2 protein chains.
Amino acid sequence: MVTLAQVAQHAGVSPSTVSYVISGKRSISQDTRLRVERSIAELGYHPHAGARALASNRSHVIALVVPLRTDMFVPVVMEIAIAVTTTARRYAHDVLLLTSEEGPSAIKRITNSGLADAMILMDVELEDERIPLLRQTGTAAALIGLPADPAGLTCVDLDFEATGRLAADHLADLGHREVALIGPAESVYRRHTGFAERTLTGFRQQAGVRGLRFLHRPCGDGHEAASGTLSRIFEERPGITGLVVQNESALPHLLGQLRQSGRAVPEDVSVVAICPDDVALHSAPRLTSVSVPAKEMGRRAVELVMALAAGRPAEELTLLTPALTIRESSGPGPR
Amino acid sequence: MVTLAQVAQHAGVSPSTVSYVISGKRSISQDTRLRVERSIAELGYHPHAGARALASNRSHVIALVVPLRTDMFVPVVMEIAIAVTTTARRYAHDVLLLTSEEGPSAIKRITNSGLADAMILMDVELEDERIPLLRQTGTAAALIGLPADPAGLTCVDLDFEATGRLAADHLADLGHREVALIGPAESVYRRHTGFAERTLTGFRQQAGVRGLRFLHRPCGDGHEAASGTLSRIFEERPGITGLVVQNESALPHLLGQLRQSGRAVPEDVSVVAICPDDVALHSAPRLTSVSVPAKEMGRRAVELVMALAAGRPAEELTLLTPALTIRESSGPGPR
DNA sequence: GTGAAAGCGCTAACAT
DNA sequence: ATGTTAGCGCTTTCAC
């Protein structure tokens, strides 16, 4: 193992100089900086993470807590995790992967052991038991998702209320009068994860403003659930011509079922999805959608948490503005 | 921050005693052990990870490298990652998440910085540029997937050749004579990730043995690709009555397309999927499938790598035996 | 069965 | 602009 002392010797300088060259915490003459950098490269030196953490009280690690039993669409979770990791690297940080399984005790363990300087939590619940802990320990943390009381916390999420409104507006603009919102499984609503309710709120509100008659139905995973939900919707309201779908895994089944039941998209029914762009693009027809900006959420969470860890202030609430992309699945309403 | 010294004082023993109580590396009297443990709990002590790593040369961290541009089905990657994390915890280890983006340099960085004691690599390519590095540094590592030359490496994977054979056998047993294998996108074959080729090899071999006439077609993501592939298959070989599908994301589209084209499953065509069980269960009809044992792979990788890190020997090649579960999508062949 | 003490490799005062 | 040095909190001989 190459140590800093060895680099120092090789470059003919003192250990502290090497340390300062690396951290940039004090000015170094061109000359020595170059010599030191050459030595580092030549010896293939990498600072010992533990030693560094011990001496500086900063581990250069961000802990990321991913959901175990996930309400989110798994690819979205993965995309956020990857965005967090690549963004963290730009801040010279690494990412420690934790699952929600360990619960609040993981938070204690990580903060007390100095393993991570900051944490990012996904799948926050409205009344999340880890939040009090975060508050009291003053851990540098960012939440992806919104708890019931976000005061004093740093949160990042898509603005789902605006998303609901945007979808309602788009359908209303196209002249639809009767629409339905197909959400995630009922269990998600019961668990109060937040995002489903918020979309519903925004959608309901704007439906009211625009005079849309609407129905809201949760929908489980799998083909059966999707086709069941769909047929019940049309039984109840045969006049429905617009569908907003916030359920990525049901999407292919829903579209298949529409096709099969002879309802053409968008001629007979318009579909607006709330999903990642690639899902929208891989469907047939390509879906008009409000995209779930997974990358952006991961990136922002890291930026915020890095600010906090550095003692800088950070925005409490970052609500990303939804963007609707019109593709082939939405068209003019009846008459 | 609570330190070991504080615990020692609180318990009225020396620091080393506390250390030994924790590590169990020497025998301690019931009495003092209890006192120390009570102090630890009472003070909420957690050892400082960096200090521990510095003093002991072991970080208690496993690095997990996940694919960025993923050939694997994303939920499978995620499931493996989660299995790795939860299994690691059972060995009192944490998991550092790396992406393949950083390439071989990540391996150097991690091993040299002492950040991790061991690594697990996913999505290994046949000629993976990280493998020479692993070999020469002697890093404790496990690969999920199989490189071209696995000699001297520790690898875990599903036995895809056996999987191909198993699928062929099942269809042959049912009396099918003309079958097709629908694989992942062509790009996956070009990238030589291995698993697709291996399934094909096994399938081809057993098709030969059982006298099955067969066709092999890659299939891209999305609805268009799926329905295109399917119709070309049936144009070319109208007599096909059995389909083996190794492409999770095409599955719903494929099934939708079959339904729509009036081919009943399993009456007109039998479908055998190679996919995680939950995908098989959420399809309609529920799919006869060879399951991709994601959890098992993650678990085994950790076990192997922990053995290596402890200086114990580990199996070089762990090929998990595939298991076929008969569900509703496969039935008797023609006549 | 327990204690004392020498580091592990690095950072950050404190010097100059 | 650079060097000296005292720890950071833990593990692990060595000693009893």
Side-chain angles (χ1 to χ4, degrees), chain A residues 1-37 39-40 43-61 92 109-117 309-311, chain B residues 1-37 39-40 43-61 92 109-117 310:
Chain A
M1 223 224 132
V2 188
T3 69
L4 180 146
Q6 293 171 354
V7 175
Q9 187 157 25
H10 186 267
V13 297
S14 78
S16 62
T17 299
V18 176
S19 176
Y20 285 118
V21 165
I22 292 172
S23 68
K25 286 188 181 173
R26 78 182 184 192
S27 44
I28 306 280
S29 70
Q30 269 305 296
D31 184 56
T32 56
R33 144 166 299 115
L34 251 46
R35 275 220 316 294
V36 169
E37 281 168 350
S39 296
I40 288 178
L43 302 182
Y45 169 73
H46 287 269
H48 187 286
R52 191 227 278 272
L54 179 57
S56 68
N57 247 322
R58 316 195 82 281
S59 63
H60 285 237
V61 166
R109 189 168 63 80
I110 298 304
T111 58
N112 291 321
S113 67
L115 235 185
D117 299 332
Chain B
M1 224 223 131
V2 187
T3 70
L4 181 147
Q6 293 170 353
V7 174
Q9 188 158 24
H10 186 268
V13 299
S14 78
S16 62
T17 298
V18 176
S19 176
Y20 284 119
V21 165
I22 292 172
S23 67
K25 285 188 181 171
R26 79 179 182 192
S27 43
I28 306 278
S29 70
Q30 269 304 297
D31 184 56
T32 56
R33 146 168 297 116
L34 250 47
R35 275 218 317 295
V36 170
E37 280 169 350
S39 297
I40 288 178
L43 301 182
Y45 169 73
H46 287 270
H48 187 286
R52 189 227 278 273
L54 179 56
S56 68
N57 246 326
R58 315 193 85 282
S59 64
H60 284 237
V61 167
R109 190 167 62 79
I110 297 304
T111 58
N112 290 319
S113 68
L115 234 186
D117 300 331

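Keep in mind the model is a prediction, meaning the values are calculated, not measured. In the text below, chain A, chain B and the rest are named by the order of the sequence lines, each starting its count at 1.
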Do other residues, nucleotides or ligands put more than 12 heavy atoms under 6.0 Å from B:E37 CD?
yes
Without decimals, in angstroms, what is the distance between B:M1 CE and D:dG9 P?
7 Å
What nucleic acid atoms does B:T17 come within less than 4.0 Å of, heavy atoms only: base, sugar-phosphate, or nothing?
sugar-phosphate
Mind checking whether A:I22 and A:Y45 have side chains closer than 4.5 Å, heavy atoms only?
yes
Does B:T32 reach a base, just sugar-phosphate, or nothing at all? Heavy atoms under 4.0 Å.
sugar-phosphate
The side chain of A:H48 is closest to which nucleotide in this list: C:dG9, D:dT11, D:dT12?
C:dG9
Kindly indicate whether the side chain of A:R26 and the base of D:dG3 share any N or O donor-acceptor pair separated by less than 3.5 Å?
yes
B:S16 and B:S19: side-chain donor and acceptor closer than 3.5 Å?
no
The nucleotide from C:dG3, C:dT11, D:dA1 with an atom nearest the side chain of A:S27 is D:dA1
Please give, in whole Å, the distance from C:dG9 C1' to A:R52 CZ?
11 Å
Quick check: closest heavy atoms across A:H10 and A:S39, and the distance to 0.1 Å?
ND1-OG, 2.8 Å
Could you check how far CG of A:L54 sits from P of C:dA12, rounded to whole Å?
12 Å
Distance-only donor-acceptor test (3.5 Å): side chain B:S14, base C:dT2
no
Which nucleotide sits closest to the side chain of B:S19: D:dG3, C:dG9, D:dT12?
D:dT12
Please report the distance, rounded to the nearest Å, between CG in A:L115 and P in D:dG9.
15 Å
Hey, which of these two, B:A55 or B:Y20, hits DNA chain C nearer its 5' end, going by closest nucleotide?
B:Y20
Below 4.0 angstrom from OP1 or OP2 of D:dT11, is there any side-chain N or O of B:K25?
no
Spacing between B:L4 atom CG and C:dC8 atom C1', to the nearest angstrom
15 Å
A:Y45 side chain: which of D:dT12, C:dG3, C:dC10 is closest?
C:dC10
Grab the CG-C1' distance between B:N57 and D:dT12 for me, whole Å please.
12 Å
A:L43 atom CG is separated from C:dG9 atom C1', nearest whole Å, by 15 Å
Do A:S16 and D:dG3 share a donor-acceptor pair, side chain to base, under 3.5 Å?
yes
Measuring only between side-chain heavy atoms, which start at C-beta, is A:V2 closer than 4.5 Å to A:H46?
no
In whole angstroms, how far is the C1' atom of D:dG9 from the CD1 atom of B:I40?
14 Å
Nearest of D:dT12, C:dC10, D:dG9 to any side-chain atom of A:P47?
C:dC10
